[in-house]
Amino acid sequence: MTGRLWRSPWAYVAPALILLVTFTYVPVGNMLFYSFHKWDGLDVTMDPVGWDNYVRVFTDEQYWRVFLVSLYYFAASFAQIAIALYFAVVLSFHVRFRNLFKGILFFPYLLNGVAVGFVFLYLFQPDGTLDTVLRMIGLGEHTRLWLGDPDIANISLAGTSVWRFTGLNFVLFLGAIQSIPGDIYEAAEIDGANRWHQFRHIIAPGIRRIISLSFILAISGSLSVFEIPFIMTGGANGTRTFVVQAYQTAFQFRQIGLASAMAVVLLLVVLLVTWIQRRLLPDDEVALS
């Protein structure tokens, strides 16, 4: 009986399942429980409030309006995908120093988010690196309060996000492109196909699933931005995202129940948007041969 148990597939997946349940599903269950209570995170008792926390999230402007800040990061994610796709296609062919360029593009993703925030904090500060460079090239009149002006602060932060996460999409696209058999390119070249034709009829259909995955990551990532605005502005000047608002609600204002309701709402929004995206862009099988 013991030997049969060890030969069972469940014996091998049990440790992973235990970790998954312990560190994912149990915390999510606790979060759901907290969202129906009023709790400061310190008292031993909680006051049940029913759906009041959810009603407040949807009716209080300061909680739902921060979702609009995600639109900056959502737009930036499309620029990020376009840049990553362009360089992945170019560097998938024989280009001089392509390994060097691959490393340059992927390096920002390896950096810690806090380090990236501090680096760009010095870049965007008044009379900082960016202002100095603009003055050196004769564009000093275009210097701005890059993080202090509410009209441009979110654009600066979204640009920082593009610089940091383009490498992730680049690696995903590059790996998918390189998995396409080389004889397909050779046959296309014999038929007179140029690079654009190869991209349109071979590369784009061949990596459609990865592009779809990138859109899902872009949507969920734009809704859950935290590190960049928290480190660089602390949510000031209209840069507070939904996750930053939830963090401050939980740990600054000690409203754990309300913050848990915000987290549940964010999870449901991400799932809903992902479901819509999958409906609009179904994951069909692609045959290139």
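Position 1 is the first residue of the sequence; numbering continues from there.
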Non-hydrogen atoms of [X] and [Y] that approach each other most closely:
X: A218; Y: I81; value: CB-CD1, 4.1 Å
X: D40; Y: I256; value: C-CG1, 3.6 Å
X: L91; Y: K102; value: O-CE, 3.9 Å
X: Q80; Y: T166; value: CG-OG1, 3.6 Å
X: A263; Y: M31; value: CB-SD, 3.3 Å
X: N154; Y: G238; value: ND2-O, 3.0 Å

- Message: Using 30° and 60° as the class boundaries, would you call the ring planes of F67 and F242 parallel, tilted or perpendicular?
- Response: parallel
- Measure the acute angle between the ring planes of Y109 and F106, then classify it against the limits of 30° and 60° as parallel, tilted or perpendicular. tilted
Check the hydrophobic clustering (I, L, V, M, F, W, Y; side-chain heavy atoms under 4.5 Å; chains of links allowed) and say if [X] and [Y] are grouped together.
X: F58; Y: L268; answer: yes
X: V114; Y: Y247; answer: yes
X: F23; Y: L17; answer: no

- Message: Looking at E189 and R195, is there a salt bridge between them, counting it only when a charged N and a carboxylate O are closer than 4.0 Å?
- Response: yes
Which value, rounded to the nearest 0.5 Å, describes the distance between [X] atom [atom1] and [Y] atom [atom2]?
X: K38; Y: D52; atom1: NZ; atom2: CG; result: 10.0 Å
X: I202; Y: F199; atom1: CD1; atom2: CZ; result: 12.0 Å
X: I210; Y: I177; atom1: CD1; atom2: CD1; result: 10.5 Å

- Task: For W275, enumerate each residue passing the ring-ring contact (aromatic ring centres under 6.0 Å, His included) test, keeping only those at least two apart in sequence or located in another chain.
- Result: none
- Residues two or more places apart in sequence or in another chain: which of them pass ring-ring contact (aromatic ring centres under 6.0 Å, His included) with Y72? none
- Message: Tell me whether R254 at atom CZ has more than 12 heavy atoms from other residues, nucleotides or ligands lying less than 6.0 Å away.
- Response: yes
- Query: Side chains of S35 and Y54: do they bring a donor and an acceptor to under 3.5 Å?
  - Reply: yes
- Item | Donor + acceptor pair across side chains of S77, S222 (<3.5 Å) | no
Side chains of [X] and [Y]: closer than 4.5 Å at any heavy-atom pair?
X: L121; Y: L147; result: yes
X: Y73; Y: L223; result: no
X: W146; Y: L123; result: no
X: V225; Y: V243; result: no
X: T249; Y: Y63; result: yes
X: M232; Y: F124; result: yes
X: I207; Y: L85; result: yes
X: F118; Y: N112; result: no

- Report the residues that fulfil salt bridge (charged side-chain N to carboxylate O under 4.0 Å, His left out) with R200, sequence neighbours left out, ordered by chain and then residue number. none
- List the steps and the verdict of ring-ring contact (aromatic ring centres under 6.0 Å, His included) for F74 and F78. CA-CA 7 Å; F74 185 66; F78 283 94; 4.9 Å; yes
Determine yes or no for a side-chain-to-main-chain donor-acceptor pair under 3.5 angstrom, with [X] supplying the side chain and [Y] the backbone.
X: T160; Y: S156; answer: yes
X: N53; Y: H37; answer: yes
X: D191; Y: A193; answer: no

- Item | Pairs where residues 167-181 contributes a residue and the test side chain to side chain donor-acceptor pair (under 3.5 Å) is met, not counting sequence neighbours | N169-S214
- Query: Going through the distances and angles, do D149 and N237 end up as a side chain to side chain contact (heavy atoms under 4.5 Å, CB included)?
  - Reply: CA-CA 7 Å; D149 186 351; N237 301 320; over 6 Å; no
- Item | Whichever hydrophobic residues join L68 through chains of side-chain contacts under 4.5 Å | L71
- Under a side-chain separation threshold of 4.5 Å, the hydrophobic residues clustered together with V133 are none
